[in-house]
Amino acid sequence: MAKAENVFSLPIPSLIQRLDKVLDAKESYVQQKVQRIDSLKKQLFLCNSLDEKYMVTTRLVMEYRSYICDSAMKYVDENWKIAQQTRDSDQLNETKFLEANLLLSVGMYQETLEILRSVNVDQLSPFLLKQYYHCCEQTYYHLSNYAGSSKYGKEYKRKSKSYIDSLLLISESNSNEYMRLLARKSYSEGNENKAKEVLLGVLQKYEFGSHDYAVITSTLSEMEPVGEKRKRYLLLSAMSDVMSAVKENKSLRNLAAELYAEGDIERAYHYCTISMDDANFYNARLRSLEIVKIQPIIEKAYKQKVAEQHRRLRIYLIAITGLFVLLMAFWIVLYKQNKKLDKIKVKLQVSNAELSNLNKSLSESNMVKEEYVGRFMSLCSSYISNLKHYQSMVYSKIVVGKIEELKSMVRSSDVIELEIRQFYRSFDEAFLNIYPNFIVGFNTLLREEERIVLPNSRCLTPELRIFALIRLGITDTDRIAKFLQYSTNTVYSYRTKIKNKAIDKTCFDKKILDIG
């Protein structure tokens with residue numbers, strides 16, 4: 001539990017929010033109460049003597065006293081049985097006072113008086129005498145409230161005050177109990193300021209969230225007129241009632257009446273409903289009757305407010321429906337326009353893609369043309385130079401009569417093979433300049449164990465040379481064979497051999513065209 005000073009000075013809106021949170025967590029506080037009760041019930045089962053059993057049942061009565069009236073009365077009956085067995089007069093009298101307090105909380109004043117009249121005051125110990133005076137004082141206090149300003153009410157008030165005086169005489173001065181009695185005496189005598197001062201001093205000694213804290217702040221609220229202070233005390237008392245799992249309470253009910261008067265109908269109805277649920281749970285007819293006096297008024301106002309809200313909601317719904325219809329019409333028009341735009345966009349995208357591909361193709365063709373035209377011009381120049389040199393050499397040999405040597409040169413294929421090798425080297429360099437990643441891309445199409453490793457990174461193998469021509473767009477086998485000075489069967493064999501090493505044979509040629 002939090003100390004009182006942590007919450008006492010909070011602004012009212014913060015306290016209301018705090019109360020709402022406490023009410024949301026209400027079941028967790030009840031569960032703590034239930035756990036304490038279950039623990040006592042287990043102790044009761046393990047008791048070895050009647051005196052020990054009497055102590056546990058008394059504690060159960062105290063736990064149930066402000067929680068469930070019927071259960072508290074059940075354990076009072078258990079106390080009667082034990083006290084009758086032990087014939088202990090103190091236990092019998094204490095049980096009478098426990099029962100009297102319970103009867104008082106449910107409004108059975110006549111029955112309470114009958115019990116008190118059956119007590120032999122002269123035989124009471126100081127401890128029990130104090131309980132007796134307390135029961136008498138509370139009984140006449142409640143009777144005075146019930147009787148109001150009638151002559152009976154005045155008499156009951158006088159008797160209540162006399163018992164307060166008696167309690168003051170036998171209580172220890174400066175004790176919490178004595179100070180609370182002193183505050184009540186001062187209030188009954190019309191000295192409200194002193195009563196408040198004393199109670200505020202006592203309040204600091206109790207923890208926020210305890211039952212005693214709830215009782216004192218509830219008493220302080222009764223001393224204040226309608227206003228901020230009264231509401232503050234009611235909020236603190238209501239929170240403490242919930243945190244101590246008290247079902248026999250009135251602060252939340254009185255707070256609901258305050259909020260109703262201020263126009264906070266929804267919260268007033270919510271608090272009033274919780275108060276009625278608590279009263280029904282506690283099973284105290286008196287508390288239920290007290291709530292019934294204000295609940296119909298708050299409920300009626302709440303229903304009127306809900307009806308007004310429903311009327312506004314219907315108006316808003318009609319307006320929103322109209323706006324929705326307009327929005328749907330706009331949406332349909334926009335949808336149709338978007339559809340048209342989408343079709344145009346698709347056509348533009350297709351056109352752009354075609355243009356992009358065309359640009360890429362043109363760019364690639366230009367690269368190929370530039371590279372191979374340069375190579376072609378260089379080869380032609382080289383061939384012309386070689387031809388001139390060859391012509392000069394042939395003429396000189398004819399002049400000197402070296403006919404046989406000339407015949408031997410003509411029959412030899414060395415010169416042709418040299419030119420072919422030079423042609424291949426020029427083709428390979430030109431191709432790899434255009435597609436520097438061709439070999440890497442080509443290998444990715446083959447199974448790992450079948451990939452080609454070149455001894456010279458600038459020189460292609462016959463197989464790679466065939467597929468290089470395919471990459472350049474020359475796919476006809478006869479043209480490839482003539483270009484590379486191979487037979488048609490050789491080209492076909494090379495192509496088939498490489499395809500058999502491919503990961504995907506069906507799309508191999510198409511993927512070749514995508515390399516680079």
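Keep in mind that the numbers below use all heavy atoms, side chains included, and drop hydrogens, waters and symmetry copies. Treat the numbers as computed from the prediction; the structure is a model and nothing was measured.
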Discussion item. By the side-chain hydrogen bond (donor to acceptor under 3.5 Å, both in side chains) test, which pairs, at least two apart or in different chains, include something from residues 35-45?
Written reply: Arg36-Glu63, Lys41-Tyr64

Practice prompt. Could you tell me whether the side chain of Val34 reaches within less than 4.5 Å of the side chain of Tyr67, counting heavy atoms only?
Written response: yes

Worksheet item: Lys511: what forms a salt bridge (Lys or Arg N to Asp or Glu O under 4.0 Å) with it, not counting sequence neighbours?
Response: Asp504

Discussion item. Run the salt bridge (Lys or Arg N to Asp or Glu O under 4.0 Å) test against Lys53 and tell me which residues pass, sequence neighbours left out.
Written reply: none

Discussion item. Closer than 3.5 angstrom, by distance alone: can the side chain of Arg447 be matched with the main-chain N or O of Asn500 as a donor-acceptor pair?
Written reply: yes

Discussion item. More than 12 heavy atoms of other residues, nucleotides or ligands under 6.0 Å from NZ of Lys154: yes or no?
Written reply: no

Worksheet item: Which is it for Asn176 and Tyr206 under the side chain to side chain contact (heavy atoms under 4.5 Å, CB included) test, yes or no, and what are the steps along the way?
Response: CA-CA 10 Å; Asn176 291 344; Tyr206 292 104; 3.3 Å; yes

Response to the item:
Residues at least two apart in sequence or cross-chain that pass salt bridge (Lys or Arg N to Asp or Glu O under 4.0 Å) with Glu192, listed by chain then number, are none

Item to complete: Hey, can you tell me if Trp331 and Tyr335 have their rings parallel, tilted or perpendicular (30° and 60° cut-offs)?
Response: parallel

Just distance, no hydrogens or angles: give the donor-acceptor pairs under 3.5 Å from side chains in residues 72-82, sequence neighbours left out.
unit_1 : atom_1 : unit_2 : atom_2 : d
Asn79  : OD1    : Thr57  : OG1    : 2.3
Asn79  : ND2    : Thr58  : OG1    : 3.1
Trp80  : NE1    : Glu99  : OE1    : 2.8

Worksheet item: Among side-chain atoms of Thr86 and Gln91, is any donor-acceptor pair under 3.5 angstrom?
Response: yes

Fill in: Ser71 side chain vs Ile68 backbone, donor-acceptor pair below 3.5 Å
no

Discussion item. Are the side chains of Tyr29 and Ser244 in contact, using a 4.5 Å heavy-atom criterion?
Written reply: no

Fill in: Lys231: which of Val226, Leu255, Asn254 passes side-chain contact (heavy atoms from CB on, under 4.5 Å)
Leu255

Discussion item. Checking the side chain of Ser237 only, and the main-chain atoms of Leu234 only, is there a donor and an acceptor separated by less than 3.5 Å?
Written reply: no

Discussion item. Can a side-chain donor-acceptor contact be found between Asp20 and Tyr271 if the only test is distance below 3.5 angstrom?
Written reply: yes

Worksheet item: Atom CE in Met108, atom OG1 in Thr139: separation rounded to 0.5 Å?
Response: 13.0 Å

Discussion item. Between Ile16 and Asp264, is there a side-chain heavy-atom distance shorter than 4.5 Å?
Written reply: no

Worksheet item: Tell me, do Ile265 and Tyr260 make a side-chain contact under 4.5 Å, heavy atoms counted?
Response: yes

Item to complete: Heavy atoms only: give me the nearest Phe208-Arg18 pair and the separation to one decimal.
Response: CE2-NH2, 4.4 Å

Worksheet item: Does a sphere of radius 6.0 Å around NZ in Lys157 hold more than 12 heavy atoms from other residues, nucleotides or ligands, not counting ones at 6.0 Å or beyond?
Response: no

Worksheet item: Got a donor-acceptor contact below 3.5 angstrom from the Ser171 side chain to the Tyr178 backbone?
Response: no

Item to complete: Count the heavy atoms of every other residue, nucleotide or ligand shown that sit under 6.0 Å from CE of Met55, and state whether that count exceeds 12.
Response: no

Worksheet, complete the sentence: Sorted by chain and residue number, the ring pair (Phe, Tyr, Trp, His ring centres under 6.0 Å) partners of Tyr141 (sequence neighbours excluded) come out as none

Worksheet item: Can you name the residues that form a side-chain hydrogen bond (donor to acceptor under 3.5 Å, both in side chains) with Ser175, not counting sequence neighbours?
Response: none

Item to complete: Please list, chain by chain and in numerical order, all residues satisfying side-chain hydrogen bond (donor to acceptor under 3.5 Å, both in side chains) with Thr444, sequence neighbours excluded.
Response: none

Worksheet entry | Sidechain N-carboxylate O distance under 4.0 Å for Asp509, Lys499 | yes

Response to the item:
Correct closest heavy-atom pair for Tyr233 and Thr217 would be CB-O, 3.3 Å

Practice prompt. Assess whether side chain to side chain donor-acceptor pair (under 3.5 Å) is satisfied between Glu222 and Tyr187, documenting all intermediate values.
Written response: CA-CA 10 Å; Glu222 293 172 0; Tyr187 184 70; over 6 Å; no

Worksheet item: By salt bridge (Lys or Arg N to Asp or Glu O under 4.0 Å), which residues pair with Arg451, not counting sequence neighbours?
Response: none

Worksheet item: Under 6.0 Å from the CZ atom of Arg230, do we count more than 12 heavy atoms belonging to anything else shown?
Response: yes

Worksheet item: Side chains of Phe127 and Asp90: does their closest heavy-atom pair fall under 4.5 Å?
Response: no

Listing, residues 129-136 side-chain donor-acceptor contacts under 3.5 Å, not counting sequence neighbours, or none:
none

Worksheet entry | Option from Leu200, Leu236, Val215 for which side-chain contact (heavy atoms from CB on, under 4.5 Å) with Leu220 holds | Leu200

Item to complete: Kindly give the heavy-atom pair with the smallest separation between Val242 and Lys26, and that separation in Å.
Response: CG1-CG, 3.9 Å

Worksheet item: Going by the salt bridge (Lys or Arg N to Asp or Glu O under 4.0 Å) test, which pairs reach into residues 316-343, not counting sequence neighbours?
Response: none

Item to complete: Considering non-hydrogen atoms only, spot the tightest contact between Asp165 and Lys185 and give its length.
Response: OD1-NZ, 2.9 Å

Item to complete: Might you point out which heavy atoms bring Ala214 and Ser240 nearest each other, and give the distance in Å?
Response: CB-CB, 3.6 Å

Fill in: Qualifying residues under side chain to side chain contact (heavy atoms under 4.5 Å, CB included), relative to Arg117, sequence neighbours excluded
Gln110, Leu113

Fill in: Close side-chain approach of Met239 and Leu15, heavy atoms under 4.5 Å
yes

